[in-house]
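Shown next, in structure tokens, is the structure this report addresses.
Letters A, B, ... are given to chains in the order of the sequence lines, protein chains preceding strands, and every chain is numbered from 1.
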Amino acid sequence: MSLTIATWNINSVRLRIQLVLDFLRDYTPDILCLQEIKCPEEHFPYQAFHDAGYPHVTINGQKGYHGVATISKLPIELVERREFCAKGDTRHLSVNFEAGGLTVLLHNFYVPAGGDEPDPEINDKFRHKLDFVEEMRGVPAATGEKTASILVGDLNIAPLENDVWSHKQLLKVVSHTPVETEAFEAMRKAGGWVDLMRQAIPEPEKIYTWWSYRAADWAASDRGRRLDHVWSSPNIAGKLTAIEVLRDARGWDRPSDHVPVIARFDL
DNA sequence: ATGGTAGGACGCCTA
């Protein structure tokens with residue numbers, strides 16, 4: 001059977017609900033993982049997703065900041081809303097679902113951005129980001145004969161040279177500093193996770209999923225970064241059939257600064 | 001080297 005999973009940092013689900021509904025109508029993923037929904041449960045637009053054919057919705061949200069939601073056509077079962085760094089932030093949600101005879105554990109993450117100064121001694125937000133990545137070692141890829149894992153989300157780190165518009169110019173910019181990228185790759189490998197975007201689209205091809213709002217012309221300058229990721233356990237990595245990064249979404253009306261990433265599997 | 005934009009909630013934090 002085919003399985004399509006999408007991930008998208010939406011930067012306020014309430015402000016951009018119509019954009020999300022248009023995306024679901026046009027791309028019909030089985031499951032969409034949103035980040036930065038920026039609302040608590042009581043303000044989440046459940047009805048709109050239900051009416052769009054996505055009745056199974058699980059969220060971990062808070063007022064004003066952060067927040068993740070997993071929206072599905074298929075039945076999903078909440079596994080955990082894990083708290084990282086004892087901060088009380090809503091940055092993780094995991095669910096289980098059945099597909100192709102497998103029980104799939106799907107993690108939806110929003111990793112802290114880390115502030116502007118890449119020095120944990122003077123910037124608490126950067127310290128928090130590094131601590132968060134270390135704590136993600138506690139989320140390895142669960143795998144077995146009848147189980148598999150997928151991890152998606154805005155991980156706020158662009159690990160490879162071709163994940164940014166200029167490797168040299170971003171070496172001291174939070175999201176691409178060596179301390180972040182090395183910790184990130186070490187954590188991913190220790191967890192047994194496969195980077196599916198790079199499996200499908202190897203270097204040196206550039207991949208960007210985010211372009212700053214601050215650029216005068218994002219498309220002309222094209223100073224993007226790959227901050228959004230799709231990982232899986234090795235036992236389904238070979239079942240990936242396509243990765244699609246919807247660059248055009250950055251040019252939609254009142255866009256998010258991130259674009260959707262779609263992963264297709266044949267399980 | 002700097003400042004540029006966006007969202008939530010309405011002064012200022014986060015990204």
Side-chain angles (χ1 to χ4, degrees), chain A residues 7-21 23 33-45 48 59-69 83-92 108-120 122-133 152-159 163-166 168-177 179-181 184 208-229 246-261:
Chain A
T7 182
W8 193 8
N9 177 320
I10 195 59
N11 188 17
S12 174
V13 68
R14 287 177 295 172
L15 189 74
R16 278 183 252 286
I17 183 64
Q18 194 55 53
L19 217 52
V20 182
L21 295 175
F23 167 74
C33 292
L34 294 174
Q35 302 85 35
E36 276 209 278
I37 60 172
K38 291 189 170 176
C39 68
E41 200 147 4
E42 61 266 28
H43 293 143
F44 190 85
I59 94 160
N60 183 15
Q62 68 186 83
K63 183 178 176 182
Y65 305 104
H66 322 315
V68 293
E83 183 183 354
F84 284 78
C85 305
K87 299 269 285 185
D89 288 347
T90 54
R91 296 183 178 274
H92 168 264
N108 180 356
F109 269 99
Y110 176 50
V111 172
D116 288 332
E117 191 57 54
D119 180 349
I122 61 171
N123 176 6
D124 288 342
K125 286 187 273 195
F126 194 70
R127 164 70 64 194
H128 176 214
K129 184 180 198 175
L130 296 179
D131 290 347
F132 194 103
V133 169
V152 305
D154 175 5
L155 306 184
N156 264 319
I157 291 173
D163 292 340
V164 293
W165 63 275
S166 168
K168 281 187 179 173
Q169 287 180 256
L170 287 174
L171 277 170
K172 292 179 177 173
V173 174
V174 172
S175 72
H176 193 63
T177 64
V179 65
E180 290 169 89
T181 59
F184 183 86
Y208 309 143
T209 65
W210 173 91
W211 292 259
S212 172
Y213 280 128
R214 297 176 189 176
D217 184 336
W218 73 272
S221 57
D222 200 21
R223 295 183 168 190
R225 306 178 201 170
R226 180 170 74 116
L227 302 181
D228 300 273
H229 296 267
L246 292 193
R247 178 188 170 96
D248 287 356
R250 187 61 180 78
W252 292 348
D253 188 43
R254 294 203 78 186
S256 169
D257 46 354
H258 295 251
V259 299
V261 179

Check every atom of dT5(B), dG8(B), dA15(B) against the side chain of K38(A) and return the nucleotide holding the closest atom.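 Closest of the options to the side chain of K38(A): dG8(B).
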Length of the [atom1]-[atom2] vector between [X] and [N], whole Å:
| X | N | atom1 | atom2 | value |
| --- | --- | --- | --- | --- |
| W211(A) | dG4(B) | CH2 | P | 24 Å |
| W218(A) | dA6(B) | CH2 | P | 14 Å |
| H258(A) | dA6(B) | NE2 | C1' | 12 Å |
| N156(A) | dT14(B) | CG | P | 14 Å |
| D89(A) | dT14(B) | CG | P | 10 Å |
| N123(A) | dC13(B) | CG | C1' | 14 Å |

Rounded C1' spacing from dA1(B) to dC12(B) in Å: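 To the nearest whole Å, 25 Å.
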Expressed in whole Å, how much space separates the P atoms belonging to dA6(B) and dT2(B)?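 Between the two P atoms, the distance is 23 Å.
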Please tell me if [X] has a side-chain N or O lying less than 4.0 Å from either OP1 or OP2 of [N].
| X | N | result |
| --- | --- | --- |
| R214(A) | dA15(B) | no |
| K63(A) | dG8(B) | no |
| R16(A) | dG7(B) | yes |

Give R223(A) one of three labels, base, sugar-phosphate or nothing, depending on what nucleic acid heavy atoms sit under 4.0 Å from its own.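 Nothing, no heavy atom under 4.0 Å.
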Base, sugar-phosphate, or nothing: which does R91(A) touch, judged by heavy atoms less than 4.0 Å apart?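 Answer is sugar-phosphate: R91(A) comes under 4.0 Å of backbone atoms only.
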Within the supplied structure, the quantity of interest is the number of heavy atoms (other residues, nucleotides, ligands) at a distance under 6.0 Å from D253(A) CG; does it exceed 12?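 Open: at most 12 neighbouring heavy atoms sit under 6.0 Å from CG of D253(A).
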Can you list everything that forms a salt bridge (Lys or Arg N to Asp or Glu O under 4.0 Å) with R214(A)? Sequence neighbours excluded, please.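 Salt bridge (Lys or Arg N to Asp or Glu O under 4.0 Å) list for R214(A), sorted by chain: empty.
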Please verify the inter-ring angle class for F109(A) with F132(A); under 30° counts as parallel, over 60° as perpendicular, anything in between as tilted.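 Geometry flag for F132(A) against F109(A): perpendicular rings.
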Who passes side chain to side chain contact (heavy atoms under 4.5 Å, CB included) against I17(A), sequence neighbours left out?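 So I17(A) forms a side chain to side chain contact (heavy atoms under 4.5 Å, CB included) with L21(A), P45(A), A48(A), F49(A).
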